[in-house]
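Read the structure below first, then the notes.
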Amino acid sequence: MSVCTFFCAYAQKYPFQDESLSIDDRIEDLLGRMTIEEKIAIIHAQSKFSSPGVPRLGVPELWCTDGPHGIRPEVKWDEWDQAGWTNDSIVAFPSLTCLASTWSEKLGRLYGVSIGEEARYRKKDVLLGPGVNIFRTPLCGRNFEYMGEDPYLAGKLAVQYIKGVQSVGVAACVKHFCLNNQEWGRHVVDVRVDDRALYEIYLPAFKMAVTEGDSWSLMASYNKVDGQYACHNKRLLQDILKGEWEWPGAVVSDWGGTHVTDEAATNGLDLEFGTGTNGLSGRAKRSYDNYHLAFPFLDGILSGKYSQADLDDKVRRVLRLHFHTTLNRNRPLGCINSEEHYDAARTIAQNGIVLLKNEGNILPIKGENKKIVLVGENVVKKMTVGGGSSSLKVQREINPLDGLQNRFGGKASVKWIRGYVGDIGGEYNGVTTGQNLKETRSFSELVDEAVRESRDADYVVFIGGLNKSWGQDCEGGDRRTYNLPYKQDSLISELAKVNKNLVVVNISGTAVAMPWADKVGAIVQAWYLGSETGNALAAVLSGDVAPSGKLPFTWPEKLEDVGAHRLDAYTDKVEEYKEGIFVGYRADGRVEGVKPLFPFGHGLSYTTFKYSSLKADKKTISPTDSLTITLRVKNAGTVKGREIVQLYISDLKSSLPRPIKELKGFKDVELNPGEEREVSFKIGRDALSYFDDKKHEWVAEPGDFEALVGASSRDIRGKVAFKLK
């Protein structure tokens with residue numbers, strides 16, 4: 001019997017295997033063949049990262065993996081300890097904050113396809129990412145996994161990431177739904193937020209991910225919202241996600257985020273992972289049978305406490321996930337550690353690096369016969385290990401020293417000086433970097449050496465910032481302070497005194513205090529750039545690639561300028577979002593004397609761009625109509641560059657308070673010297689609306705509006721007025 005004949009005969013007996021039928025029909029057929037015990041089994045874990053499927057009917061196990069920047073190394077079946085594999089090293093892609101800094105939907109898609117192929121090769125069915133939680137405070141330890149403060153920007157890039165991952169037959173699992181904006185007290189904090197802020201700031205990126213991106217799964221968060229845990233929060237999961245948005249996908253608990261059987265059974269959780277049980281009580285032989293959606297749920301159904309309909313709804317959603325992944329025989333095989341993936345990682349990194357300051361055009365470095373002194377622990381420290389669940393085991397990681405020596409070594413002297421001692425460890429959950437960063441000299445001795453070597457250098461490049469140790473950029477704990485750790489501020493100030501050609505490269509996933517910003521010539525924000533860190537950074541510092549990244553968040557001068565901290569609204573108990581909708585740049589103009597160190601959307605280049613001919617095709621539109629905004633952008637400099645054109649909308653008079661401006665469009669355009677191109681945006685009712693919490697609906701109020709086009713939220717190059725009928 002041929003393979004084709006076998007599958008045709010098998011499909012006649014089991015229609016759920018017939019791929020010519022709709023997924024809905026296949027789900028119903030398979031659901032009708034399952035026993036109640038099989039239904040229960042499929043909605044909770046059987047190991048740390050898998051659920052069992054239905055072996056009797058040929059439904060495979062479903063395997064999840066942490067991302068979102070690379071595929072997590074294998075752990076043991078029942079434990080967090082490493083499994084000891086020797087073939088689970090992968091490519092580390094840049095942090096999602098770096099992706100957001102590219103402002104490129106094209107690169108979002110490239111990122112998704114590349115990481116999806118690596119997940120598929122490792123036989124993973126669900127990739128736990130991307131993360132789209134909003135930057136509410138720069139202290140959040142997990143900001144590096146997210147995509148900034150603006151829901152429109154985060155949502156647009158998440159959509160492309162998701163489409164890329166799912167194009168290779170791996171489910172994206174957008175996370176953490178929702179209001180998971182701090183790691184401090186994340187398992188107990190109870191978030192209270194008004195409906196305007198919920199719908200305008202904290203929900204839109206998730207809505208775009210599941211409606212435009214069609215994310216096949218979603219992970220709920222640890223925190224409580226209005227007194228009820230998010231993993232079984234009726235309003236979030238049943239009323240909004242599955243009700244208002246009519247989403248058909250599967251809700252996955254965060255690992256250990258399920259607490260109450262009654263709520264897990266009825267409030268919208270579909271697939272339970274990571275729940276802590278002792279494995280001994282009740283009639284279970286293994287702890288997984290004690291999960292809330294295991295024997296407790298089964299007992300409740302058999303006793304009539306819970307309905308069969310609740311169970312079947314969960315199973316349908318999990319089966320839909322299977323039909324997209326494990327039961328899709330047309331999935332590609334994937335690939336891992338390919339040169340194409342390294343190229344993708346490097347391209348994303350280069351385009352995400354942000355040039356914050358370049359006074360006197362210190363950059364790019366002209367390296368012929370020059371002395372270049374590199375100062376700082378992050379010159380050599382490998383950053384792919386650590387940070388929590390996104391910690392990775394990589395095939396290779398090029399650090400900044402290697403990258404810069406490879407780029408300049410033959411034509412210039414490139415020397416590394418330690419400067420300070422930070423985190424000398426290089427291990428997380430059994431994965432090690434193999435580095436020995438131990439140091440016996442005192443801080444003053446290290447500073448003296450750095451100052452001495454820097455005096456006669458042609459360029460001093462300080463590469464420091466944060467790292468991915470706990471209390472910095474790391475899951476499970478927020479940063480302790482806004483300032484740089486390890487006395488780096490003092491070191492930078494001393495270097496600035498002896499050399500005017502000082503470039504500060506800050507590696508972090510979020511903003512840090514820069515009390516020395518006016519003393520240094522150039523500042524570069526480099527993020528966590530993954531496997532190709534050194535090569536990407538060298539390309540930008542040397543001018544091989546002109547920097548083009550733009551900040552996806554507002555960079556505050558001091559912590560008190562951030563609403564959550566200014567209003568004393570940052571706790572680990574009951575967290576009231578007192579700032580409401582005025583997060584990040586949306587708070588501009590609300591507090592006298594407060595201005596950012598660097599505004600949202602800011603980023604310099606080695607070339608200049610001129611905007612002209614801004615116009616709208618109409619002066620008045622109706623609520624069912626749209627408006628087209630066009631302008632021309634020219635590269636007026638001497639090198640090739642990429643510009644991010646940003647469109648903001650300003651409602652000149654509204655019934656409810658609104659920000660001065662809100663991002664409603666962006667386009668990246670790459671231009672050769674002297675090249676000019678037209679850029680256009682289409683504006684409809686959605687871009688003009690606000691959420692009226694009393695009416696519980698989006699309202700586009702008739703009146704006067706302005707479309708503002710610029711290079712950042714504070715660098716507006718032109719505006720055009722129009723009316724909404």
One should read off an interatomic distance between Cys474 SG and Asn467 CG, to the nearest 0.5 angstrom, of 9.5 Å
Between Asp254 and Phe273, is there a side-chain heavy-atom distance shorter than 4.5 Å? no
>> Walk me through whether Leu99 and Met147 qualify under side chain to side chain contact (heavy atoms under 4.5 Å, CB included).
In response: CA-CA 7 Å; Leu99 173 62; Met147 289 193 273; 4.3 Å; yes
Exercise. With distance as the sole criterion, is a donor-acceptor pair present between the side chains of Glu397 and Ser531 under 3.5 Å?
Worked result: no
Between Trp77 and Trp63, does the ring centre distance come in under 6.0 Å? yes
Any luck finding a side-chain donor-acceptor pair between Asn351 and Arg642 under 3.5 Å?
-> yes
Discussion item. Less than 6.0 angstrom separating the ring centers of Tyr420 and Phe443, yes or no?
Written reply: no
Could you tell me if the side chain of Arg122 sits less than 4.5 Å from the side chain of Ile336, heavy atoms only? yes
For the pair Lys558 and Glu560, find out whether any cationic side-chain nitrogen is under 4.0 Å from an anionic carboxylate oxygen.
no
Do Ser101 and Trp527 come close enough that some side-chain heavy atom pair is under 4.5 Å? yes
Would you say Lys640 has more than 12 foreign heavy atoms packed within less than 6.0 Å of its NZ?
no
| Does Thr510 offer a backbone N or O that forms a donor-acceptor pair with the side chain of Asn143 under 3.5 Å? | no
Q | N/O donor-acceptor pair under 3.5 Å between Thr97 side chain and Tyr146 backbone | A | yes
Note: Ala536 and Ala349 closest approach over all heavy atoms is CB-CB, 3.6 Å
task = Quick one: do Gln46 and Ser51 satisfy side chain to side chain donor-acceptor pair (under 3.5 Å)? Show the steps, please.
result = CA-CA 5 Å; Gln46 65 169 357; Ser51 59; over 6 Å; no
### Message
Checking Ser490 against Ser493: is there a side-chain donor and acceptor pair closer than 3.5 Å?
### Response
no
Minimal heavy-atom distance between Pro94 and Ile348, with the atoms involved, is CG-CG2, 3.9 Å
query = So do the side chains of Val461 and Ile365 get within less than 4.5 Å of each other, counting heavy atoms only?
reply = yes
Output yes when a side-chain donor or acceptor of Trp103 lies under 3.5 Å from a complementary backbone atom of Leu157, and no otherwise.
no
- Message: As a quick check of understanding, evaluate salt bridge (Lys or Arg N to Asp or Glu O under 4.0 Å) for Glu494 and Lys497, giving each step before the final call.
- Response: CA-CA 5 Å; Glu494 291 302 313; Lys497 291 177 183 178; 3.1 Å; yes
Rounding to 0.5 Å, atoms CG (Leu128) and NZ (Lys175) come to a distance of 5.5 Å
Is Trp85 atom CH2 crowded by more than 12 heavy atoms from other residues, nucleotides or ligands, each under 6.0 Å away? no
Contact between Val375 and Leu495 at the side-chain level, heavy atoms closer than 4.5 Å - yes or no? yes
Tell me, with the steps shown, if Tyr222 and Trp255 meet side chain to side chain contact (heavy atoms under 4.5 Å, CB included). CA-CA 9 Å; Tyr222 283 128; Trp255 269 235; 4.1 Å; yes
*Short question: side chain of Ser548, backbone of Gly352 - any donor-acceptor pair under 3.5 Å?*
no
By ring pair (Phe, Tyr, Trp, His ring centres under 6.0 Å), Tyr428 pairs with (sequence neighbours left out) none
>> Can a donor-acceptor pair be found, under 3.5 Å and without considering hydrogens, that links the side chain of Asn378 to the backbone of Leu466?
In response: yes
Heavy-atom nearest pair, Asn358 first then Leu604, reads N-CD1, 3.8 Å
Problem - Test item: Leu404 and Ile463 side chains (from C-beta on) under 4.5 Å apart, heavy atoms - result: yes
Counting distance only, does the side-chain N/O of Glu445 pair as donor-acceptor with the main-chain N or O of Asp448 below 3.5 Å?
no
* To do: Check the surroundings of atom NZ in Lys48: do more than 12 heavy atoms from other residues, nucleotides or ligands lie under 6.0 Å from it?
  => yes
Checking Glu74, Glu61, Glu118 against Lys124 for salt bridge (Lys or Arg N to Asp or Glu O under 4.0 Å), the one that qualifies is Glu74
Q) For Tyr459 and Lys366, what are the C-alpha separation, side-chain angles and deciding distance, and is it a side chain to side chain contact (heavy atoms under 4.5 Å, CB included)? A) CA-CA 9 Å; Tyr459 294 94; Lys366 308 297 190 297; 3.9 Å; yes
Derivation and outcome, side chain to side chain contact (heavy atoms under 4.5 Å, CB included), residues Leu363 and Leu541:
CA-CA 7 Å; Leu363 292 174; Leu541 293 181; 4.1 Å; yes
When rounded to the nearest 0.5 Å, the distance separating CD of Glu145 from CG of Leu96 is 7.5 Å
Is the shortest distance from a Lys or Arg side-chain nitrogen in Asp544 or Arg407 to a carboxylate oxygen in the other one below 4.0 Å? yes
Smallest heavy-atom separation, Ala511 atom then Tyr482 atom, equals O-CE1, 3.4 Å
>> Is it the case that the side chains of Tyr570 and Asp478 hold a donor-acceptor pair, with the cut-off being a distance below 3.5 Å and no angle test?
In response: yes
* Asked: Is the backbone N or O of Thr554 less than 3.5 Å from a side-chain atom of Glu149, with the two atoms forming a donor-acceptor pair by type?
  -> yes
| Does the ring center of Trp516 lie less than 6.0 Å from the ring center of Phe462? | no
Expected output: side-chain Lys357 to main-chain Ala517 donor-acceptor under 3.5 Å
yes
Any donor and acceptor pair, going by atom type alone, linking the side chain of Gln488 with main-chain N or O of Pro485 inside 3.5 Å? yes
Notebook entry, point to check: Strictly by modelled atom types, are Gln395 and Tyr342 linked by a side-chain donor-acceptor pair under 3.5 Å?
Noted result: yes
Taking every heavy atom of Val75 against every heavy atom of Trp80, the minimum-distance pair comes out as CG1-O, 3.4 Å
Do Leu559 and Thr481 touch side chain to side chain, with heavy atoms closer than 4.5 Å? no
Between the side chains of Glu532 and Asn535, does any donor sit under 3.5 Å from an acceptor?
-> yes
Rounding to 0.5 Å, atoms NZ (Lys468) and OG (Ser508) come to a distance of 12.5 Å
Taken to the nearest 0.5 Å, the spacing of His565 NE2 from Asp561 CG works out to 11.0 Å
### Query
Is the shortest distance from a Lys or Arg side-chain nitrogen in Glu183 or Arg479 to a carboxylate oxygen in the other one below 4.0 Å?
no
Query raised in the report: Can you check whether Arg480 reaches Gln472 side chain to side chain, under 4.5 Å on heavy atoms?
Result: no
For Ala539 and Gln350 the tightest heavy-atom approach is CB-OE1, 3.5 Å
Between the side chain of Lys371 and the main-chain N/O of Glu453, is any donor-acceptor distance below 3.5 Å?
yes
Here the gap from Leu529 atom CG to Thr384 atom OG1, rounded to the nearest 0.5 Å, amounts to 12.0 Å
Short side-chain donor-acceptor distance under 3.5 Å, Asn429 and Asp81:
no
